[in-house]
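Protein chains get the first letters and strands the later ones, always in sequence-line order, with residue 1 at the start of each. This is a predicted model, so every value here is computed, not measured.
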Number of protein chains: 2
Amino acid sequence: MEKQARDCQVDEALEIIVGKWKPIILLLLFENKVMRFNELKRAIPGITQKMLTTQLRELEEEDIVNREVYAQVPPKVEYSITAYGKSIEPVLEAMHEWSTLHLEHKKNKDTKYITTHTR
Amino acid sequence: MEKQARDCQVDEALEIIVGKWKPIILLLLFENKVMRFNELKRAIPGITQKMLTTQLRELEEEDIVNREVYAQVPPKVEYSITAYGKSIEPVLEAMHEWSTLHLEHKKNKDTKYITTHTR
DNA sequence: TGCTATAGTATCTTTTAGGATACTGTAAGG
DNA sequence: CCTTACAGTATCCTAAAAGATACTATAGCA
């Protein structure tokens with residue numbers, strides 16, 4: 001039953017990355033090192049405050065993202081990737097590379113479909 | 001706005017792999033090359049027929065998995081990874097590796113927690 | 001004659017993720 | 001005194017994913 005064991009481990013990684021906004025949050029933090037809450041919000045069109053909060057909390061919970069609160073008014077909260085969080089970058093990169101390939105593959109299928117069924 | 005472009009591409013990969021049973025299905029097919037429907041079902045404890053069917057159909061749709069039907073009774077249907085599907089293996093592997101690390105990381109956190117709060 | 005194996009469908013219900021909207025407190029600036 | 005920026009909560013609602021359960025056809029076997 002070693003197959004199940006392996007599966008569980010893949011699921012572990014998935015749980016971190018899955019979430020509609022997590023990949024983009026991580027990519028932004030990898031690029032910019034440190035970002036404030038509203039900075040992230042502005043950089044991610046379409047996200048609501050609630051969604052940004054919950055996704056960040058989940059990433060924080062898993063020790064991927066660091067949250068630093070400054071005792072100021074108006075509030076200032078900075079997010080960054082933890083030392084441990086950096087270890088996930090290769091996974092994002094593998095996915096990014098494959099996605100590029102996949103988009104290409106889909107494009108070709110579509111083209112084929114169109115030329116086959118039109119004249 | 002190159003950030004959004006990158007994000008979209010990661011999402012592409014995620015859509016393929018996400019689905020509660022897709023990783024284990026893919027891992028099994030990578031290992032065993034060819035498997036019949038019920039063979040998969042028996043290898044994945046807890047999955048229902050409906051779930052197995054829908055997940056396989058989605059993978060087939062994306063050209064990751066091949067479905068071969070034999071005109072027999074009782075039916076015989078064989079599933080395998082397509083040539084294109086093989087290209088996704090590095091992604092699974094990156095995730096698998098990181099997951100191992102992550103489990104280790106979590107274990108350490110838990111241990112720390114326990115020793116800190118008991119006596 | 002009934003039973004089994006195979007590879008599914010068809011329905012219905014539950015669970016979870018995601019989203020819309022409104023609200024909070026407080027300092028600085030006009 | 002009113003408004004803005006900031007970083008959130010609190011509620012409610014919808015849509016999508018997942019799950020439970022029952023059903024299908026048919027050849028071969030005892």
Nucleotide [N], atom [atom2] - distance to [atom1] of [X] in whole Å:
| X | N | atom1 | atom2 | value |
| --- | --- | --- | --- | --- |
| A:Ile47 | C:dA17 | CD1 | P | 16 Å |
| A:Gln49 | C:dT24 | CD | P | 15 Å |
| A:Met51 | D:dT14 | CE | C1' | 13 Å |
| B:Tyr70 | C:dG8 | OH | P | 13 Å |
| A:Leu52 | D:dG8 | CG | C1' | 10 Å |
| A:Glu68 | D:dA7 | CD | P | 13 Å |
| B:Lys20 | C:dT16 | NZ | P | 9 Å |
| B:Ile25 | D:dA18 | CD1 | C1' | 13 Å |

Residue pair A:Lys106 / A:His102, side-chain heavy-atom distance below 4.5 Å: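 In contact.
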Closest to the [X] side chain: [options]?
| X | options | answer |
| --- | --- | --- |
| A:Lys50 | C:dG18, C:dT6, D:dC6 | C:dG18 |
| A:Val77 | D:dA22, D:dA7, C:dA20 | D:dA7 |
| B:Thr53 | C:dA7, C:dT9, D:dG19 | C:dT9 |

Presence of salt bridge, A:Lys76 and A:Glu68, under 4.0 angstrom: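 A salt bridge is absent here (no side-chain N lies under 4.0 Å from a carboxylate O).
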Side-chain donor or acceptor of B:Thr82 paired with backbone N/O of B:Asn66 under 3.5 Å: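 No: the side chain of B:Thr82 does not pair with the backbone of B:Asn66.
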Side chain A:Glu93, main chain A:Pro90, donor-acceptor under 3.5 Å: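 Looks like no, no N/O pair under 3.5 Å.
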Taking only the side-chain nitrogens and oxygens of [X], find out if one of them lies under 4.0 Å from OP1 or OP2 of [N].
| X | N | result |
| --- | --- | --- |
| A:Tyr79 | D:dG8 | yes |
| B:Arg36 | C:dT6 | no |
| B:Arg67 | C:dA7 | no |
| B:Gln55 | D:dA18 | yes |
| A:Arg42 | D:dC6 | yes |
| B:Arg57 | C:dA7 | no |

First encountered from the 5' end of DNA chain D, between B:Pro75 and B:Gly19: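 Per heavy-atom nearest nucleotide, the more 5' residue is B:Gly19.
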Whichever of A:Val73 and B:Val73 has its nearest DNA chain C nucleotide further upstream toward 5':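 Counting from the 5' end, the first nearest nucleotide belongs to B:Val73.
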Whether A:Phe37 and A:Tyr79 hold their rings parallel, tilted or perpendicular, with breakpoints at 30° and 60°: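 If you compare the ring of A:Phe37 with that of A:Tyr79, the planes turn out tilted.
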